[in-house]
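Read the structure below first, then the notes.
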Amino acid sequence: MIERGEMPNLAKLRSESAWGELETQKPPLSPLLWTSMMTGVTPVVHGILDFSRFQPGTGVREPITSDERKVPALWNLTTWAGKTSDVLGLWATYPAEPVDGVLVSDRLFGFLNMEEGPPPGAIFPPEREAWAKQQLGRVWKETGYDALREYLPWLTEAEYREHAESERPYDHPISALRRILVETRLYDALADDLLAGGVPDLFVVYLQGTDSIGHVFAPYAPPRQDTISEADYERYKDVPEKYFREIDGLLGRWVAAADRSDAVIVVVSDHGFYWGEGRPEQLSSFANATAAKW
């Protein structure tokens with residue numbers, strides 16, 4: 001896409017920056033890897049070893065939590081050093097830890113957990129909770145039928161109604177796409193709000209969608225796989241590139257904010273994804289046993 005001129009902001013950033021391919025850790029599972037990046041130590045040392053855990057006392061399965069982490073993260077260090085930090089959406093940040101700034105954990109709106117609302121302690125400081133929930137409500141409402149039609153121009157209102165509110169959204173491309181877009185646009189909106197008030201010493205925003213889009217839509221990407229019907233191929237083949245063009249637009253705004261503040265911007269991924277040979281032949285699982293396969 002860069003070579004075709006379809007991601008101009010990423011292309012410009014790369015042309016003006018140091019860049020390269022990083023070697024991921026094994027197994028390449030997101031909670032482990034992002035925590036390693038934010039702590040500088042391996043999963044064995046930092047203690048985040050899974051996507052989820054069973055909540056002590058209730059036995060309810062929930063996304064892995066920050067209290068499982070055994071070492072400080074970057075935002076702890078900046079806080080202790082008297083610096084400001086805003087952190088948005090990153091894995092294993094619930095309960096939200098105190099920072100001089102804002103920490104919105106992955107439990108505001110994440111792909112693993114279908115909750116009626118964020119649990120207590122999802123946002124620090126607590127008085128920011130209403131702001132975050134208001135943004136979530138607005139983005140959820142705005143990312144409806146018309147928004148999905150921009151990605152899926154053939155989509156009928158009947159099909160949208162059938163899938164949009166699914167309790168298992170990642171079982172179908174339509175509901176999965178809506179959730180990916182809501183999550184992406186929510187954390188983007190929170191980021192824009194915070195950046196409008198000034199750039200803190202540390203600003204971290206995580207977009208899970210660049211990972212989820214592969215798990216859901218790589219099977220449908222060109223060239224068509226034998227296991228994908230021609231009808232489904234035509235329906236979904238353009239979704240990944242449309243999504244990454246949207247991501248490039250977000251990146252352009254964030255780079256501009258960094259430039260205005262003479263800040264350093266770092267763009268990083270925890271792992272790649274197979275988009276050609278070896279990619280999944282159907283919606284691929286996020287389960288530990290299979291997620292790292294692709």
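For reference, positions follow the sequence shown, starting with 1. The analysis underlying the following values was restricted to heavy atoms, covering all of them including side chains, and did not include hydrogens, waters or symmetry mates.
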Assess the residue pair K242 and E246 against the criterion (salt bridge (Lys or Arg N to Asp or Glu O under 4.0 Å)); give the C-alpha distance rounded to whole Å, side-chain angles, the decisive distance to 0.1 Å, and a yes or no.
CA-CA 6 Å; K242 287 182 178 180; E246 179 169 335; over 6 Å; no
Test side chain to side chain contact (heavy atoms under 4.5 Å, CB included) applied to F203 and L88, step by step
CA-CA 8 Å; F203 188 84; L88 302 177; 4.1 Å; yes
Hey, mind stepping through W75 and M38 against side chain to side chain contact (heavy atoms under 4.5 Å, CB included) and telling me if it holds?
CA-CA 8 Å; W75 49 89; M38 295 296 123; 3.7 Å; yes
Steps toward side chain to side chain contact (heavy atoms under 4.5 Å, CB included) verdict (R53, T65):
CA-CA 8 Å; R53 72 167 189 177; T65 55; 3.1 Å; yes
Test D270 against W91 for side-chain hydrogen bond (donor to acceptor under 3.5 Å, both in side chains), laying out the working first.
CA-CA 12 Å; D270 59 334; W91 276 101; 5.8 Å; no
Apply side chain to side chain contact (heavy atoms under 4.5 Å, CB included) to Q225 and R279, showing your working.
CA-CA 10 Å; Q225 303 186 95; R279 61 188 154 132; 3.3 Å; yes
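Remark: the backbone N or O of R107 is paired with a side-chain donor or acceptor of S105 at under 3.5 angstrom. Of the possible polar contacts, none joining the D86 side chain to the G101 backbone as a donor-acceptor pair under 3.5 Å is found. D201 places a side-chain N or O within 3.5 Å of a backbone atom of T84 that can act as its donor or acceptor partner. Side chain of T58 to main chain of V60: a donor-acceptor pair is present (N/O by atom type, distance under 3.5 Å, no hydrogens or angles). With hydrogens and angles ignored, the 3.5 Å screen pairs no side-chain donor or acceptor of S166 with any backbone N or O of H163. The backbone N or O of L181 lies less than 3.5 Å from no partner atom in the side chain of T184, so there is not a single donor-acceptor pair.
When the options N76, T35, T39 are evaluated for a side chain to side chain donor-acceptor pair (under 3.5 Å) with R69, the one that passes is N76. With Y206 as reference, L90 is the one residue of D106, L90, V87, T93 to meet the side-chain contact (heavy atoms from CB on, under 4.5 Å) rule.
Linking ILVMFWY side-chain heavy atoms closer than 4.5 Å, directly or via other members, places V205 and V267 in a single hydrophobic cluster. Using a 4.5 Å cut-off between side-chain heavy atoms of Ile, Leu, Val, Met, Phe, Trp and Tyr, with links allowed through other members, W34 and V44 fall into different hydrophobic clusters. In this structure, M1 is a member of the same hydrophobic cluster as Y151, with clusters built from ILVMFWY side-chain heavy atoms closer than 4.5 Å. Put simply, Y243 and L186 are part of the same group of oily side chains (I, L, V, M, F, W, Y) that touch within less than 4.5 Å, one to the next. Under a hydrophobic-cluster definition in which Ile, Leu, Val, Met, Phe, Trp and Tyr are linked whenever side-chain heavy atoms come within less than 4.5 Å, directly or via other members, W275 and I228 are assigned to the same cluster.
Among all heavy-atom pairs drawn from D188 and W254, the shortest one is OD1-CZ2, 3.4 Å. Of all heavy-atom pairs between S30 and D211, the closest is OG-OD2, 3.1 Å. The two residues A176 and Y170 come nearest to each other via the heavy atoms CB-CD2, 3.9 Å.
R61 forms no cation-pi arrangement with F51, by the criterion of a distance under 6.0 Å to the ring centre and an angle within 45° of the ring axis. Cation-pi check for R178 over W140 is met; the charged atom lies under 6.0 angstrom from the ring centroid and within 45 degrees of its normal.
Ring orientation note: the planes of Y236 and W154 are nearly perpendicular, at an angle over 60° on the 30°/60° scale.
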